[in-house]
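Below is one structure, written out as structure tokens; comments come after it.
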Amino acid sequence: MTSRLTAREATHFREKLLRWYDENPRPLPWKSDKDPYKIWLSEIILQQTQVSQGLPYYLHFIEAYPTVRDLADASTDEVMKSWEGLGYYSRARNLHAAAKFIANERDGVFPDDYTGLLELKGVGPYTAAAIASFAYDLPHAVIDGNVYRVLSRYFGVYEAVDTTIGKKIITQLADQLISRDIPAAYNQAIMNFGALVCKPKAPVCHSCPLSNRCGAKADGSIDLLPIKSKRLIRKQRYFHYLIIIDGDNTYIEKRGVDDIWKSLYQFPILETSGVTPITSLQNWMPGYNLHLNKPKTELKQTLTHQEIHGLFYIVRDFNADTLPDSWVKKPISSLDTLAFPKMIRTFISDYF
DNA sequence: AAAACGGGGGG
DNA sequence: CCCCCAGTTTT
């Protein structure tokens, strides 16, 4: 399936959109100059993240790591701490890896074309197009959630956009629509337009400069588009955390497994498949008879594909002979400087 | 092609 | 409660 537009259709869309953007600019700090480092950083932070949520993190990163070399020279723990609370932590790990790659293998010089950008860890088609256009004025069309929505509505795309065919249709449309003269402005324009006018819910069609030729508007299918086919299944998990009080110290470990929250810290953990609180460590440390009091606190955190139930047990008389190698004894006061998942950070703040 | 990966905000 | 967010990587 191909979606070819006439030059007239494309020009109309493009010019209406650019005119709207002229009248509705959105000043953001990373747009003030064309520093690819700042643009890259902002784009990674904004992946699946709203501007309002990512902005404080961006400001912190720029201050803590003014250049890609500063970021490359930071420790993993420091970078993870800077990212704490923002979610999708692979972004932080990939960001750090890419910074080291640029600083050490490329002498601090950013790739300056789409293909080169794509080789950076954490940079996919969207981010490569964004950097290529914003930093280098190259004509690569960004395709993000806004673009899927705007184009599927305007051009009446009823193919689900989360399928190969649906993505291809949107991509072909986007590639025909982007301005060859001012690709950066065009990309900014369509994303802002999607965020402010052609919104997911309650789009502002009455003041939309494109509504007179909008396919979805014409057949009343605005709230049906874009169509998505996949539905979400959420798994329940039960994490039992041992808060071992040893004077002014406690024990923590770093999550290194292939699972959520990799590279963040946690208290010693036992996972069960059911809700029932545990009362001993028999299944994990056979022969060690320790009675666990009922959890001091229970917290729940909902992630995209799982719901985590955190049960926090206070243990004051822990004296097992041997401890797992991964456990590290730390002063309770030092926990502030390490990165923990949101739920654990909440517990620490409330309890200590 | 599908699943996994966080956390916050809006209706 | 469900959907969405300036998506990418892994399976």
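Just so it is clear, the structure is predicted and the values come from calculations on it, not from any experiment. Residue numbers begin at 1 in each chain, while the letters A, B, ... track the order of the sequences.
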In whole angstroms, the gap separating C1' of C/dT8 from CG of A/L95 amounts to 13 Å

Measuring only the C1' atom in each nucleotide, how far is C/dT9 from B/dG8? A whole number of Å is fine. 23 Å

query = What does A/V123 touch in the nucleic acid at a heavy-atom separation under 4.0 angstrom: a base, only the sugar-phosphate, or nothing?
reply = sugar-phosphate

Query - NZ/NE/NH1/NH2 to OD/OE distance under 4.0 Å, A/R69 and A/D107 - result: yes

Between the base of C/dG7 and the side chain of A/Y126, is one N or O donor paired with an acceptor at under 3.5 angstrom?
no

Whichever of A/T163 and A/Q306 has the more 5' nearest nucleotide on DNA chain B, that residue is A/T163

- Message: For a quick check under 3.5 Å, do A/Y57 and A/T49 share a side-chain donor-acceptor pair by atom type?
- Response: no

Judged by nearest nucleotide, the residue sitting upstream toward the 5' end of DNA chain C, A/Q50 or A/G122, is A/Q50

On DNA chain C, more 5' by nearest nucleotide between A/K121 and A/L46 is A/L46

Has the side chain of A/R149 got a donor or acceptor atom that lies under 3.5 Å from a matching backbone atom of A/G194? yes

Quick note, A/R91 side chain, CB onward, closest among C/dC5, B/dG6, C/dA6 is B/dG6

Can A/D219 and A/S221 be counted as having a side-chain donor-acceptor contact under 3.5 angstrom?
-> yes

From the candidates C/dT9, B/dC5, C/dC5, the one with an atom nearest any side-chain atom of A/D259 is B/dC5

A/W261 has its side chain closest, among C/dA6, B/dG6, B/dC5, to B/dG6

| A/N319 and A/Y288: side-chain donor and acceptor closer than 3.5 Å? | yes

From CD of A/Q47 across to P of B/dG8 the rounded distance in Å is 18 Å

Between CG of A/N187 and P of C/dG7 the distance, given in whole Å, is 13 Å

When rounded to whole Å, the CZ to P distance for the pair A/R234 and C/dC1 reads 9 Å

Contacts of A/D162 and A/Q48 projected onto DNA chain B by closest heavy atom; the upstream (5') one is A/D162

Which of C/dG7, B/dC5, C/dC4 is nearest the side chain of A/R149? It is C/dC4

* What is the nucleic acid contact for A/G194, judged by heavy atoms within less than 4.0 Å: base, sugar-phosphate only, or nothing? -> nothing

note: A/Y57, atom OH; B/dG6, atom C1'; distance rounded to Å ~ 10 Å

Between B/dC5 and C/dA6, how many Å separate the two P atoms, rounded to a whole number?
23 Å

(Q) We want to know whether A/E307 and A/T302 form a side-chain donor-acceptor pair, criterion being a heavy-atom distance below 3.5 angstrom. (A) yes

Checking A/L242, A/V315, A/T250 against A/F267 for side chain to side chain contact (heavy atoms under 4.5 Å, CB included), the one that qualifies is A/T250

Regarding the side chain of A/T127, the nearest nucleotide among B/dC5, C/dT8, C/dA6 is C/dT8

Atom CZ of A/R255 and atom C1' of B/dA4 are separated, to the nearest Å, by 14 Å

Out of C/dT9, C/dC5, C/dC3, minimum distance to the side chain of A/K201 belongs to C/dC3

Remember a base hit wins even if backbone is also touched, and classify A/K262 as base, sugar-phosphate or nothing at under 4.0 Å, heavy atoms. nothing

The nucleotide from B/dG8, C/dT8, C/dT11 with an atom nearest the side chain of A/D258 is C/dT11

When rounded to whole Å, the CD1 to C1' distance for the pair A/I44 and B/dG6 reads 16 Å

Re B/dG6: Watson-Crick or G-U wobble partner, both distances kept under 3.5 Å, found to be none

If you take atom types as modelled and just measure distance, does the side chain of A/T49 reach the base of B/dG6 with a donor-acceptor pair under 3.5 Å? yes

task = Using a 4.0 Å heavy-atom cut-off across all strands, classify A/L118 as base, sugar-phosphate, or nothing.
result = nothing

Taken to the nearest whole Å, NZ/A/K199 to C1'/B/dG11 is 11 Å

With the side chain defined as heavy atoms from C-beta on, A/I260 is closest, among B/dC5, C/dA6, C/dT8, to B/dC5

Practice item. Answer yes or no: side-chain N or O of A/T304 and base N or O of B/dG6 forming a donor-acceptor pair under 3.5 Å. Key: yes

